[in-house]
S.K.: 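One structure coming up, written as structure tokens, with questions to follow.
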Amino acid sequence: MSRSEKYHRNLQLQAYDKLTNMLHSGEDTSKKAAMEDGTAKNKIFSYNTYKTYKQQSYAFIRYIEKEHPECKNLKQARPYVKEYLQKSVDEGKSAWTVQTQSKALGKLYGITPDSKDYFTPPVRHREDIIRSRGEAVRDRHFSEKNNDELVRFCKGVGARREGMRKMMGKDLMTREQIDRHVSRLEKTATERELTEKERTQLTICKDAQRFDGCTHYVYLKEKGGRERISPIVGPDKDKIIERFQNTGRYEKVWQHVSTNADIHSYRGIYATRVYKTYARDIDELRANHTTFTYQGKEVSALYICRKDERGKILDKQAMEMASKALGHNRLEVVANNYLRGL
């Protein structure tokens with residue numbers, strides 16, 4: 001492609017090319033390794049994140065085309081990133097929205113917190129979250145009463161919308177199946193080196209074994225192809241298991257999952273159920289100075305909440321159980337976005 005042809009590619013195509021070249025979703029790429037060698041800032045590891053960043057980048061480009069039409073390439077548009085983000089703040093957009101815009105444009109332009117043109121977004125507070133709190137416009141188009149079984153199912157398995165739509169009869173697993181699979185893989189590991197797929201299976205199966213007392217689980221593959229085995233919990237456990245058992249192995253458990261169903265809210269209820277199942281007495285943990293091994297380090301077993309939840313103390317071990325059940329890796333994500341009424 002000649003230089004003149006490249007120059008005349010519109011801003012949207014330029015952004016598309018740049019973000020698409022960063023996408024490493026589904027590839028044999030370790031995010032941890034990329035973080036360690038410093039290449040993570042030039043990579044996007046989740047397809048859903050890629051879609052969000054592309055959407056936000058296109059919105060910025062529409063602003064540039066309207067307000068600064070003289071800009072013909074991304075480099076010329078870069079000085080207006082802070083102006084665009086400040087406009088969002090002035091218009092009263094939520095801190096969460098501005099944070100997302102900032103991260104997307106930071107990825108597009110390689111802007112980091114130590115960059116001179118870094119925009120400091122507003123602080124995000126739990127009380128400002130509108131999603132999944134109270135009645136949203138979309139809730140008026142979804143009747144929980146008429147979709148009672150779906151709602152109860154979601155609260156018992158903790159799947160994302162993507163997982164609910166893909167779920168098949170074969171995705172139901174028992175504790176016995178998991179234990180047998182772990183035994184087979186551990187025996188195989190003594191005979192030869194496990195493949196990457198086998199190592200992943202062993203990891204998620206061992207994570208599932210930590211859910212003491214759980215008899216049935218659901219296998220999930222969602223958000224960038226990450227796999228997990230989550231426990232089925234709550235008062236509707238038997239009905240959920242029955243629905244799986246009445247579904248063909250390669251048939252979908254749910255033929256239709258409404259886009260108006262508040263899946264995030266149901267995942268919050270699920271996370272809270274898991275947490276309460278494994279939470280220990282906080283006073284005893286404090287009195288005994290109990291520690292907890294997290295990400296290879298020995299730390300206090302107590303999680304001290306901050307900001308609007310200041311003063312609340314949670315059990316890190318139970319938080320980790322809820323985190324693994326949801327498919328997250330950070331305790332603060334569970335504390336800030338899912339646990340309710342504790």
S.K.: Judged by modelled atom types alone, do Glu83 and His68 share a side-chain donor-acceptor pair under 3.5 Å?
M.R.: yes
S.K.: Quick check on the 6.0 Å ring-centre criterion: do Phe153 and Tyr270 meet it?
M.R.: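 Not close enough - the centres of the two rings lie 6.0 Å or further apart.
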S.K.: Assert yes or no for the condition that the ring centre distance of His264 to Tyr338 is strictly below 6.0 Å.
M.R.: yes
S.K.: How close do His181 and Gln201 get, counting heavy atoms only, and between which atoms?
M.R.: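 Minimum heavy-atom separation between His181 and Gln201: NE2-OE1, 3.1 Å.
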S.K.: Looking at Leu19 and Lys107, what are the two nearest heavy atoms and their distance?
M.R.: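 Answer, listing the atom of Leu19 first, then Lys107: CD2-CG, 4.5 Å.
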S.K.: Drop me the distance from Ile304's CD1 to Lys312's NZ, to the nearest 0.5 angstrom.
M.R.: 12.5 Å
S.K.: Taking only Lys NZ, Arg NE, NH1 and NH2, and the carboxylate oxygens of Asp or Glu, determine whether Lys206 and Glu186 approach each other closer than 4.0 Å.
M.R.: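 A salt bridge links Lys206 with Glu186.
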S.K.: Below 4.0 angstrom, N of the basic side chain to O of the carboxylate: do Arg243 and Glu149 qualify?
M.R.: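 A salt bridge is present here (some side-chain N lies under 4.0 Å from a carboxylate O).
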S.K.: Please tell me if the side chains of Val157 and Arg267 come closer than 4.5 Å, counting only heavy atoms from C-beta onward.
M.R.: no
S.K.: Quick one: pull up CD1 in Ile313 and CD1 in Ile282 and give me the separation to the nearest 0.5 Å.
M.R.: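 Answer rounded to 0.5 Å: 6.5 Å.
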S.K.: Verify whether one side chain among Asp90 and Gln86 offers a donor that lies under 3.5 Å from an acceptor in the other.
M.R.: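 A donor-acceptor contact under 3.5 Å links the two side chains.
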S.K.: Would you please say whether a donor-acceptor pair under 3.5 Å links the side chains of Glu144 and Tyr266?
M.R.: yes
S.K.: Examine distances only and state if a side-chain atom of Thr272 and a backbone atom of Gly268 form a donor-acceptor pair shorter than 3.5 Å.
M.R.: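 Looks like yes, one N/O pair under 3.5 Å.
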S.K.: Evaluate salt bridge (charged side-chain N to carboxylate O under 4.0 Å, His left out) for Glu162 paired with Arg160, printing each intermediate quantity in order.
M.R.: CA-CA 5 Å; Glu162 176 187 4; Arg160 295 180 174 87; over 6 Å; no
S.K.: Could you check Tyr50 against Tyr53 for ring pair (Phe, Tyr, Trp, His ring centres under 6.0 Å), going step by step and ending with a plain yes or no?
M.R.: CA-CA 5 Å; Tyr50 162 76; Tyr53 285 0; 8.9 Å; no
S.K.: Say whether Arg175 and Tyr217, considering side chains only, have a donor N or O and an acceptor N or O under 3.5 Å apart.
M.R.: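 Yes, a side-chain donor-acceptor pair sits under 3.5 Å.
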S.K.: Is the shortest side-chain N to carboxylate O distance from Asp236 to Lys239 below 4.0 Å?
M.R.: no
S.K.: Going by atom types only, do Thr200 and Glu227 share a side-chain donor-acceptor pair under 3.5 Å?
M.R.: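 Result is no, nothing qualifies.
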S.K.: Which atoms form the tightest heavy-atom contact between Arg228 and Gly158, and what is the distance?
M.R.: NH2-O, 3.2 Å
S.K.: Counting only N and O atoms by type, is there a donor-acceptor contact under 3.5 Å from the side chain of Thr52 to the main-chain atoms of Asn48?
M.R.: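 Looks like yes, one N/O pair under 3.5 Å.
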S.K.: Working note: Ile229 + Val218, criterion side-chain contact (heavy atoms from CB on, under 4.5 Å); need CA distance, chi angles, decisive distance, verdict.
M.R.: CA-CA 6 Å; Ile229 299 173; Val218 57; over 6 Å; no
S.K.: Given side-chain hydrogen bond (donor to acceptor under 3.5 Å, both in side chains), test Gln101 with Ser88 step by step and report yes or no.
M.R.: CA-CA 9 Å; Gln101 292 174 329; Ser88 292; 2.9 Å; yes
S.K.: Closest heavy-atom contact between Val81 and Ile111?
M.R.: CG1-CD1, 4.4 Å
S.K.: Under a 3.5 Å cutoff, is there a donor and acceptor pairing between the side chains of Ser115 and Thr112?
M.R.: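 Looking only at side-chain atoms, Thr112 and Ser115 do form a donor-acceptor pair, the distance falling under 3.5 Å.
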S.K.: Do you see a donor-acceptor pair shorter than 3.5 Å between the side chains of Asn73 and Gln14?
M.R.: no
S.K.: A side-chain contact here means heavy atoms from C-beta on lying under 4.5 Å apart; do Val151 and Asp262 qualify?
M.R.: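 Counting from C-beta outward, Val151 and Asp262 never come under 4.5 Å.
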S.K.: Hey, what do you get for CG (Leu108) to NZ (Lys18), rounding to the nearest 0.5 Å?
M.R.: 5.5 Å
S.K.: Taking side-chain hydrogen bond (donor to acceptor under 3.5 Å, both in side chains) as the cut-off, I'd like each qualifying pair that reaches into residues 289-300, sequence neighbours left out, listed once.
M.R.: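 Sorted pair list: Thr291-Glu298, Thr293-Glu298.
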S.K.: Could you check whether any side-chain N or O of Tyr275 sits under 3.5 Å from a backbone N or O of Asp315, counting only pairs where one atom can act as donor and the other as acceptor?
M.R.: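 Yes.
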S.K.: Which residues satisfy the side chain to side chain donor-acceptor pair (under 3.5 Å) test with Asp171, sequence neighbours excluded?
M.R.: none
S.K.: Where do Ala325 and Pro231 come nearest, in terms of heavy atoms and distance?
M.R.: CB-CD, 4.0 Å
S.K.: Can you name the residues that form a ring pair (Phe, Tyr, Trp, His ring centres under 6.0 Å) with Tyr303, not counting sequence neighbours?
M.R.: none
S.K.: Would you check if Thr247 and Met168 make a side-chain contact, meaning some heavy-atom pair closer than 4.5 Å?
M.R.: no
S.K.: Just by distance, do the side chain of Ser323 and the backbone of His328 share a donor-acceptor pair under 3.5 Å?
M.R.: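 Side chain of Ser323 to backbone of His328, a donor-acceptor pair under 3.5 Å: yes, one is there.
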S.K.: Between Ser102 (side chain only) and Val98 (backbone N and O only), is there a donor and an acceptor less than 3.5 Å apart?
M.R.: no
S.K.: Tell me, with the steps shown, if Lys237 and His216 meet side-chain contact (heavy atoms from CB on, under 4.5 Å).
M.R.: CA-CA 9 Å; Lys237 181 174 67 174; His216 290 79; 5.6 Å; no
S.K.: Say you draw a straight line from CD1 of Ile240 to NZ of Lys155; how long is it, rounded to the nearest 0.5 Å?
M.R.: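 That separation rounds to 11.0 Å.
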S.K.: Salt-bridged, Lys87 to Glu91, with N to O below 4.0 Å?
M.R.: yes
S.K.: To the nearest 0.5 Å, how far apart are OG1 in Thr100 and NZ in Lys93?
M.R.: 11.0 Å
S.K.: When rounded to the nearest 0.5 angstrom, what is the spacing between CZ in Phe119 and CD in Gln99?
M.R.: 9.5 Å
S.K.: Taking the side chain as C-beta and beyond, is there a heavy-atom pair between Gln209 and Asp179 under 4.5 Å?
M.R.: yes
S.K.: Judged by modelled atom types alone, do Glu320 and Tyr278 share a side-chain donor-acceptor pair under 3.5 Å?
M.R.: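 Judged by distance alone, the side chains do not pair up.
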S.K.: Between the side chain of Thr190 and the main-chain N/O of Lys187, is any donor-acceptor distance below 3.5 Å?
M.R.: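 Confirmed, Thr190 side chain pairs with Lys187 backbone.
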S.K.: Does the side chain of Gln56 reach to within under 4.5 Å of the side chain of Leu105, using non-hydrogen atoms?
M.R.: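 Side chain of Gln56 against side chain of Leu105, heavy atoms only: no contact under 4.5 Å found.
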S.K.: Tell me the closest heavy-atom pair linking Gly169 and Phe244, and the distance in Å.
M.R.: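 Of all heavy-atom pairs spanning Gly169 and Phe244, the closest is O-CD2, 4.0 Å.
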S.K.: Just by modelled atom types, is the Asp281 backbone N or O under 3.5 Å from a matching donor or acceptor in the Arg286 side chain?
M.R.: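 No, because the side chain of Arg286 does not come within donor-acceptor range (under 3.5 Å) of the backbone of Asp281.
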